[in-house]
Amino acid sequence: MADISLTLPDGNKRSYPTGTTGLEVAADISKSLAKSAISCSIDGAHRDLSTVLSADCDFAIHTMKDDAQALELIRHDCAHIMARAVQELWPDTKVTIGPVIANGFYYDFDRAEAFSVEDLAVIEKKMREIINLRDPVRTELWSRERAIKYFQNTEEPFKIELVGMIPKGEDLRMYWHGKWQDLCRGPHLVHTGQVPADAFKLMSVAGAYWRGDSNNPMLQRIYGVAFKNKNDLKAHLHMLEEAEKRDHRKLGREMDLFHIQEEAPGMVFWHPNGWTLYRVLQDYMRRRQIADGYQEINTPQVVDRKLWEASGHWEKYRENMFITEIDEEHANEKRVNALKPMNCPCHVQVYNQGLKSYRDLPLRLAEFGSCHRYESSGSMHGLMRVRGFTQDDAHIFCTRAQIGAETKKFIELLTRVYQDLGFDKFEIKFSTRPDVRAGSDAVWDQAEEALENAIKALDLPYETDPGEGAFYGPKLDFKLTDAIGREWQLGTFQADFVLPERLDAEYIGEDGAKHTPVMLHRATLGSFERFLGVLIENYAGRFPLWLAPRQIVVASIVSDADDYVLEVVAALKAAGLRAEADIRNEKINYKVREHSVAKVPVILAIGMKEVEARSVSMRRLGDKGSKVLALGEVVEQLQAEATPPDLR
RNA sequence: GCUGCUGUAGCUCAGAGGUAGAGCACUCCCUUGGUAAGGGAGAGGUCGAGAGUUCGAUUCUCUCCAGCAGCACCA
């Protein structure tokens with residue numbers, strides 16, 4: 001048999017007879033390597049050690065020290081071991097798929113009875129038993145027919161469907177550990193004992209549609225996390241606990257920012273603290289936008305269906321709209337109105353008042369527009385996904401030639417705003433023309449080029465999402481990652497060739513003829529609600545002074561200091577700071593603790609020493625100690641710090 | 001919308017077929033204490049809503065509403 005040549009990662013070459021397996025190579029290199037090996041890479045592709053080598057290649061043996069490969073295998077094998085455990089415990093369960101995901105894995109099952117949280121512990125126990133068996137993992141290539149026949153016998157309808165989905169000509173691979181068998185592309189570990197028995201945990205059960213389609217039956221998905229060792233698992237669970245602590249819903253309650261109640265699902269009741277935060281952010285955005293050439297407007301929230309029919313929303317978006325019908329008893333005429341789900345049609349109405357010249361363009365109309373959308377009940381989530389919200393919306397009416405400059409201008413604004421608010425990193429997604437679209441290819445060419453060139457000119461990284469643009473134009477989406485690692489699409493920038501035409505927007509060009517302007521829909525924060533949710537989690541409630549709803553509490557240590565406390569509060573307020581007095585009959589320890597828990601950034605403690613010296617003892621949130629400073633000095637320092645970034 | 005779970009005092013949660021309990025918060029009293037909980041007393045609940053079973057339901061059953069996790073959705 002002819003030899004094949006393997007190039008190892010260190011550059012050395014070794015020759016073996018064709019038909020040698022990865023494991024045999026490992027054994028040939030060293031006995032200990034054979035023992036610690038978990039998988040191999042053949043020309044960069046991750047494979048089982050049992051893979052038969054049949055050609056010259058770059059070859060590498062992986063051990064548990066190779067994080068990427070080790071974690072992939074551990075998690076994937078965990079999914080299989082879980083599936084086996086479940087089928088051993090409840091043989092009537094049908095298996096489907098079980099992929100690796102961030103930090104772990106899941107497996108989707110079909111079973112008449114629901115898995116309970118208590119079942120998870122039972123399954124975990126069974127999984128440990130399987131791991132302890134150290135069952136060797138065996139694999140074979142099967143023909144399509146044989147696989148289908150097998151799954152018909154074992155009554156696994158989902159697996160039969162999967163076989164049907166695998167492209168013709170591709171091999172089907174079967175895996176076994178013990179008697180348990182599954183269709184899988186692999187690779188897998190050498191034996192079940194290689195999965196660390198103390199580094200995985202089953203986390204939750206939830207429904208998931210078969211193949212992600214809501215027309216399909218719902219399966220039961222069990223989620224698990226798995227790591228290389230117990231410490232990594234512990235660290236991950238700890239991270240989850242920390243993430244839970246900064247959940248904006250929890251902080252919203254603790255910091256008395258807002259609440260949502262049954263009578264108005266998905267609508268926010270802002271409390272004084274939360275509304276202060278909201279207003280500080282809104283005032284900041286308003287200044288930034290006006291400085292950038294926007295004009296602020298305000299448009300109606302309840303608008304006759306005729307406008308929504310004209311804009312196309314009635315046809316395309318009706319199921320997400322709140323419709324209001326006027327009570328016939330009180331109306332002469334029956335009208336059907338909708339709460340606006342978007343501001344754009346109203347903005348065109350403002351644009352349409354009076355004839356516009358090309359000299360008026362670009363015309364930037366901004367509105368903190370209150371919108372309502374009927375979101376499905378299961379999709380709502382605190383402030384992140386609500387039914388009533390306010391966008392920092394604006395529409396730029398411009399010529400096609402102006403798209404590029406406006407794009408660049410907007411991205412610059414957005415970058416500055418995100419930086420000011422503590423987000424240094426965001427991703428840009430550039431979505432190009434979909435198959436079904438309005439407008440000529442020439443117009444799309446021009447718009448796509450304008451958007452892309454703007455990103456390039458600013459030297460920002462972006463990724464292109466071909467075909468994901470709206471039917472009316474290409475778009476840019478701006479995504480932030482929050483503290484819990486979730487990605488939120490906040491900012492957006494969309495070119496629109498359709499709506500201005502539908503709603504008869506026009507301008508007189510240099511040539512004296514009427515033209516249709518391009519409309520650029522854009523939002524920086526997206527909605528105040530969602531953005532504040534992200535902001536709360538990003539700062540874990542510990543806002544920089546300029547954003548903090550409660551900035552300073554001045555607390556007396558003894559009641560003889562109360563008058564001076566009130567004087568200090570007055571001085572701080574006069575300097576435009578948000579300050580409160582705490583002259584309750586409580587110990588300073590108690591006051592410090594309470595205001596620290598409430599995440600007030602600055603506590604000024606006042607005892608008789610401070611009264612006499614006309615000073616204050618300043619404690620910053622999170623600090624252990626305090627600093628004594630002259631009153632005037634503190635006012636000046638805090639005032640500077642509390643100045644919004646755009647006014648510094 | 002779908003699957004599962006949950007809904008008891010302002011908050012976090014315990015509880016049982018015979019109309020309820022803890023801690024914190026709140027009110028009052030004592031305490032004037034120097035940087036993350038001083039002590040005592042008191043008040044506070046139609047046990048998410050409706051229907052059914054039962055002598056009796058907050059507890060069991062059903063329906064609805066809301067929340068949570070995930071899925072689907074987010075033109």
Side-chain angles (χ1 to χ4, degrees), chain A residues 101 106 108-111 113-119 203-223 244 247 249-250 253-254 256 259-266 311-321 341-342 373-382 384-387 434 436 468-472 475 477 488-489 492 494 496 498 526-527 530 553 555-562 583-598 600 603-610 617-628:
Chain A
I101 52 173
Y106 67 76
D108 286 347
F109 300 100
D110 182 44
R111 176 177 170 237
E113 210 180 317
F115 292 112
S116 69
V117 179
E118 291 73 43
D119 290 339
M203 305 297 286
S204 61
V205 198
Y209 296 110
W210 167 236
R211 294 171 58 193
D213 186 335
S214 58
N215 297 313
N216 287 339
M218 184 157 273
L219 307 169
Q220 297 189 64
R221 175 172 297 178
I222 301 180
Y223 283 92
E244 209 175 302
D247 187 309
R249 293 166 299 185
K250 189 175 155 69
R253 197 165 44 239
E254 288 171 0
D256 198 12
H259 84 272
I260 296 171
Q261 68 186 45
E262 243 184 75
E263 288 80 358
S311 70
H313 288 90
W314 196 264
E315 189 198 349
K316 290 217 159 68
Y317 203 69
R318 176 148 150 66
E319 68 211 33
N320 288 298
M321 289 163 73
M342 293 168 205
R373 295 182 188 171
Y374 186 80
E375 300 286 355
S376 64
S377 60
S379 66
M380 288 183 296
H381 180 92
M384 303 297 200
R385 185 92 175 259
V386 286
R387 285 180 175 163
V436 182
E468 285 301 303
F471 77 96
Y472 51 73
K475 64 173 181 175
D477 286 320
W488 296 99
Q489 190 228 297
T492 184
Q494 310 182 7
D496 188 345
V498 174
S527 89
R530 171 183 287 194
V553 169
S556 55
I557 295 169
V558 293
S559 49
D560 284 344
D562 288 357
I583 53 174
R584 292 174 303 169
N585 176 15
E586 296 292 350
K587 289 195 168 183
I588 192 64
N589 291 313
Y590 184 90
K591 296 181 182 181
V592 165
R593 178 184 151 78
E594 189 175 279
H595 301 123
S596 298
V597 167
V600 176
I603 298 171
L604 302 181
I606 308 285
M608 289 320 285
K609 277 186 252 169
E610 286 75 17
S617 165
M618 177 161 74
R619 181 191 172 106
R620 318 289 303 221
L621 180 60
D623 284 0
K624 292 236 167 78
S626 60
K627 243 194 313 195
V628 177

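Contact annotation: the side chain of A/R584 approaches that of A/E594 to within less than 4.5 Å [non-hydrogen atoms, C-beta and beyond]. In this structure, the side chains of A/Y472 and A/D496 come closer than 4.5 Å at one or more pairs of heavy atoms.
When atom types are taken as modelled, the side chain of A/K609 and the backbone of A/S617 share no donor-acceptor pair closer than 3.5 angstrom. Judged by distance alone, the side chain of A/Q494 and the main-chain N or O of A/A470 form no donor-acceptor pair under 3.5 Å. Side-chain N or O atoms of A/E610 include one that pairs as donor or acceptor with a backbone N or O of A/G607 at under 3.5 Å. Looking only at distances, a side-chain donor or acceptor of A/R373 sits under 3.5 Å from a matching main-chain atom of A/P341. In this structure, A/S556 contributes its side chain and A/S559 its backbone to no donor-acceptor pair below 3.5 Å.
Of the candidate nucleotides B/rU3, B/rC65, B/rG1, B/rU3 has the atom lying nearest to any side-chain atom of A/M218. The side chain of A/S204 has B/rA69 as its nearest neighbour among B/rC65, B/rA69, B/rA72.
Backbone-only contact: A/G212 has heavy atoms under 4.0 Å from sugar-phosphate atoms and none from a base. Counting any heavy atom pair closer than 4.0 Å across all strands shown, A/Y106 reaches no nucleic acid atom. A/R253 comes within 4.0 angstrom of the backbone, heavy atoms only, and of no base. Using a 4.0 Å heavy-atom criterion, one finds that A/R530 contacts no nucleic acid atom at all. Using a 4.0 Å heavy-atom distance criterion, A/H595 is classed as making no nucleic acid contact.
Atom CD of A/E263 is surrounded by more than 12 heavy atoms from other residues, nucleotides or ligands within 6.0 Å.
On the C1' atoms, B/rC2 is 23 Å away from B/rU61, given to the nearest whole Å. For the C1' atom pair drawn from B/rC11 and B/rG67, the interatomic distance equals 16 Å after rounding to whole Å. For the C1' atom pair drawn from B/rA49 and B/rU8, the interatomic distance equals 15 Å after rounding to whole Å. When the C1' atom is used for both B/rG39 and B/rG7, the distance is 36 Å, rounded to whole Å. Atom name C1', nucleotides B/rA72 and B/rA16: the rounded distance is 40 Å, in whole Å. Using atom C1' as the reference point in both B/rG23 and B/rU19, the two lie 25 Å apart (nearest Å). Rounded to whole Å, the P atom of B/rG33 lies 48 Å from the corresponding atom of B/rA69. Separation of the C1' atoms belonging to B/rA66 and B/rC29 is 42 Å when rounded to the nearest angstrom.
For A/S377 against B/rA66, a side-chain-to-base donor-acceptor contact under 3.5 Å is absent. Taking only distance into account, the side chain of A/R249 never meets the base of B/rC68 through a donor-acceptor pair shorter than 3.5 Å. Under 3.5 Å, the side chain of A/Y209 and the base of B/rG1 form at least one donor-acceptor pair of N or O atoms.
Atom CG in A/N216 sits roughly 15 Å away from atom C1' in B/rG1 (whole-Å rounding). If you measure from atom CD of A/E375 to atom C1' of B/rC71, you get 16 Å, rounded to the nearest angstrom. Put simply, CZ on A/F109 is 19 Å from P on B/rG70, counting in whole angstrom units. Distance, A/H313 NE2 to B/rC74 C1': 14 Å, rounded to whole Å. Distance, A/D256 CG to B/rC26 P: 13 Å, rounded to whole Å. If you take CG of A/D213 and P of B/rC71, they are 15 Å apart, rounded to a whole angstrom. With rounding to whole Å, A/L219 atom CG is found 13 Å from B/rG4 atom P. Here the P atom of nucleotide B/rA25 and the CD atom of A/E254 are 14 Å apart, to the nearest Å.
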Reading nucleotides 33-40 of chain B 5' to 3', which nucleotides get B (base under 4.0 Å from a protein heavy atom), which S (sugar-phosphate only), which -? BBBBBS--
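Between A/K475 and A/S214, the residue anchored closer to the 5' end of RNA chain B is A/S214, taking for each the nucleotide with the nearest heavy atom.
One finds a side-chain N or O of A/Y223 lying less than 4.0 angstrom from the OP1 or OP2 phosphate oxygen of B/rC71.
A salt bridge does not link A/R211 to A/D213: none of the charged nitrogens lies less than 4.0 Å from a carboxylate oxygen. Salt-bridge annotation for A/E113 and A/R111: present, with a side-chain N of the basic residue lying under 4.0 Å from a carboxylate O of the acidic one.
In this structure, B/rG67 and B/rC5 make a Watson-Crick or G-U wobble pair, each of the two defining distances being under 3.5 angstrom. Base-pair partner of B/rC24: B/rG10 (Watson-Crick or G-U wobble, both distances under 3.5 Å). Remark: B/rU54 base-pairs with no nucleotide in the shown strands. Criterion, Watson-Crick or G-U wobble with two distances under 3.5 Å. As the counterpart of B/rA16, no nucleotide is assigned, since no Watson-Crick or G-U wobble pattern has both distances under 3.5 Å.
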